[in-house]
Each structure stands twice: as structure tokens, then as C-alpha cells.
Protein chains: 2
Amino acid sequence: MASLGDLERSVMDLLWDSAEPLTANDLRDDLAALGTDAKELAVTTVLTVLARLEKKGLVERERSTRPHRYAACSSREDHTVGLLNEALGSAQDREAVLARFIGGITADEAASLRAILDSVKSA
Amino acid sequence: MASLGDLERSVMDLLWDSAEPLTANDLRDDLAALGTDAKELAVTTVLTVLARLEKKGLVERERSTRPHRYAACSSREDHTVGLLNEALGSAQDREAVLARFIGGITADEAASLRAILDSVKSA
DNA sequence: GACGATTTCGACAGCTTGTAGAAGTCGAGC
DNA sequence: GCTCGACTTCTACAAGCTGTCGAAATCGTC
């Protein structure tokens, strides 16, 4: 799984948060609105990033409409889960890692984890 | 947290697996023994990588002995947990991610997770 | 003080990411 | 059909990261 740079990440966040596919211009504006720096990127910059994200398989492009419209291929959660599995990856010590990891989550999260485990178990 | 290249990762794996600190020569030999390619790296290559890992805070160096000896700063598990938290990190939807994640682990892991959760809860 | 082992410095290639100008293409309106 | 502006593609470049070392400095020993 490919790692993302700062700008790529920002673009993905916008796409993930958007219900509709967005155009490069939409994204340029949204990016400018995001940072307090108010720095406007060139549209070509956004397009380059989108092309790279497309090549990485993270973004789909509608070529039928004239301003092409871009959307994330998978949800943010699925992407994050991919990252988690990659981090855990080939580690043979998965359980040891999980043990330490559990130690660091909040009580609320532990509770919901337990609930999730229970529902999975019954399935 | 810094991500690791292939060689850096191999070196860290060796250091994590070793009970004792290792020298650059040890590592060069171990690396050659690892890959079936039997390609020997120059010692300076290993030293460069070790210096970079030290700068990243992943490796400690004993300068007192003449062939310097290198050891991992933290355990592989701790490092992996760091990666996990980094992956989860920016996500405000931690629970959603955890839910999907649980769906992907093995039954055995789910069982041990439950056990871990129980022990944490009682603590 | 010289010599061999070891470390440090500097270097270079290849890849990734941010950034964008220049040039090509496409659709709408004349 | 032809033109014009919007949109996309191509190409490029700088910075940073990683793998890879050779050359030069250093250190301990004989």
C-alpha cells in the first residue's frame, strides 16, 4: 500500500469527506479554504496529485463529464484498516503487538472493542 | 514516526532479533546470510544505514568499544504499536476503523484480544 | 611512528512528492 | 466549420529519502 504525502493526504481527506465526486477546481478551492495560509495552488498541481492518486488506485476519475470528476475508491476506514494490517503485516508477534496496543487505547474504545468482539463471536 | 526502507528494515529486524548489540561487520555478515542472493554489502553501506537509524532515534550506538556496537532503542512490538497508532492517529473515526479491523483478524487473535481486554479492565 | 581496522564525509543514482508552465484537446457558440 | 476559453496532458524541476560506496580521517596496537 502506498504512503501519502501531505498534499495527497489532504486531497484524499476532501474526497473522503465529500458525498459527491469533485473536480480539480473544487479541490483547489477547498484546499485553499482549509489552510489558514490561504495559498492557492495551481490547478495543474491538483491535477498532478489526482493523477498520481489514480495511479496508486486510491482515486477514480469520471472522464465522461468535461471537467473530470474524482472520487475516492474506498472509504477512509477501509484505507486505514489497510494501513493497520500493513503495519501489523508479516509480524509473527501479532498478539504481542495487539496486547501492547490495547494498553494504549481509551476505556471507551476498549468497551466498544469488547462489544464488537462479542458481535463477531456470535456471528 | 519515520518509515523504513528495505535495508533499514532488515537491519532493524536483525537488531531486534539479537539479544546483544551488534557491530557493523556482524550486520554485514548477517545480511549476506539472510538473502539467498549472497550479495555482500560494503561495510560503509551498513554504517551509513546505522547512522541514519541512529538519527531517526531507532538505534543506539556504544561508542566506548572500538568496533562500535549498535542496538535497537525500543522493541519491535513497541515500534509496531507506534506504527499502529500513527495509522489510526489522524482518524477521528477510530472506533469505526477498529470495528472493521476486528472483522479481519483470526479467531485465535480475537480470543486473545478478548483475554487482554478482560485483564486490562480488571486492572 | 607505521599499519590495519574502523569510522566519518561526501557523493551519486533512483524514487517520491510538491509545484507548476507550456502545449495539446475539447466543447460551445458564432 | 472555426475560434476561444476551459480543461487536461506532458514535461520539468527542486527537495528529500534510500541504497550504495570510495576516499579520507582516526584510532589502537605493535
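Residue numbers begin at 1 in each chain, while the letters A, B, ... track the order of the sequences.
Put simply, CG on B/Leu83 and CG on A/Leu83 are 10.0 Å apart, with the number rounded to the nearest 0.5 Å. Here the CG-CZ distance, from A/Leu84 to B/Phe101, works out to 5.5 Å after rounding to the nearest 0.5 Å.
Taking five base pairs at each end of the helix from C/dG1-D/dC30 to C/dC30-D/dG1, the local helix axes there meet at an angle of 10°, rounded to 10°.
Across the interface with DNA chain C, nearest-nucleotide mapping of A/Thr45 and A/Leu4 shows A/Leu4 to be the residue nearer the 5′ end.
A/Glu40 has its CD atom 18 Å from the P atom of C/dG18, to the nearest Å. As a whole-Å value, the separation of B/Leu7 CG from C/dC15 P is 17 Å. One can place CE of A/Met12 at 13 Å from P of C/dG18, the figure rounded to the nearest angstrom. Between the P atom of C/dA20 and the CG atom of A/Leu31 lies a distance of 12 Å, rounded to the nearest Å.
With a heavy-atom cut-off of 4.0 Å to chain B, the contacted part of DNA chain D has its first and last nucleotide at D/dT18 to D/dC27.
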Check the pair B/Arg9 / B/Asp13 against salt bridge (charged side-chain N to carboxylate O under 4.0 Å, His left out), numbers first and verdict last. CA-CA 6 Å; B/Arg9 174 75 198 188; B/Asp13 275 336; 3.5 Å; yes
Decide yes or no on side-chain contact (heavy atoms from CB on, under 4.5 Å) for B/Leu7 and B/Leu41, but give the supporting numbers first. CA-CA 11 Å; B/Leu7 182 52; B/Leu41 291 176; 3.8 Å; yes
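Among residues two or more places apart in sequence or in another chain, the ring pair (Phe, Tyr, Trp, His ring centres under 6.0 Å) test is passed with A/His68 by none. Remark: B/Glu77 pairs with no residue by the salt bridge (charged side-chain N to carboxylate O under 4.0 Å, His left out) rule, at least two apart or across chains.
Formation of a donor-acceptor pair under 3.5 Å by the A/Trp16 side chain with backbone atoms of A/Ala71 is not found in this model. Side chain of A/Lys56 to main chain of A/Ser3: a donor-acceptor pair is present (N/O by atom type, distance under 3.5 Å, no hydrogens or angles). With B/Ser112 contributing its side chain and B/Glu109 its backbone, the two residues share a donor-acceptor pair below 3.5 Å.
In this structure, A/Lys56 reaches the sugar-phosphate backbone alone: every heavy-atom distance under 4.0 Å involves primed, P, OP1 or OP2 atoms, never a base.
The salt bridge (charged side-chain N to carboxylate O under 4.0 Å, His left out) pairs that include a residue from residues 14-27 of chain B are B/Asp17-B/Arg76, B/Glu20-B/Arg69, where partners are two or more places apart or lie in different chains.
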Going 5' to 3' through nucleotides 2-14 of chain C, assign each nucleotide B (protein heavy atom under 4.0 Å from a base atom), S (under 4.0 Å only from sugar-phosphate atoms) or - (no protein heavy atom that close). ---BBBB------
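Remark: B/Arg28 engages B/Glu40 in a salt bridge, criterion side-chain N to carboxylate O under 4.0 Å.
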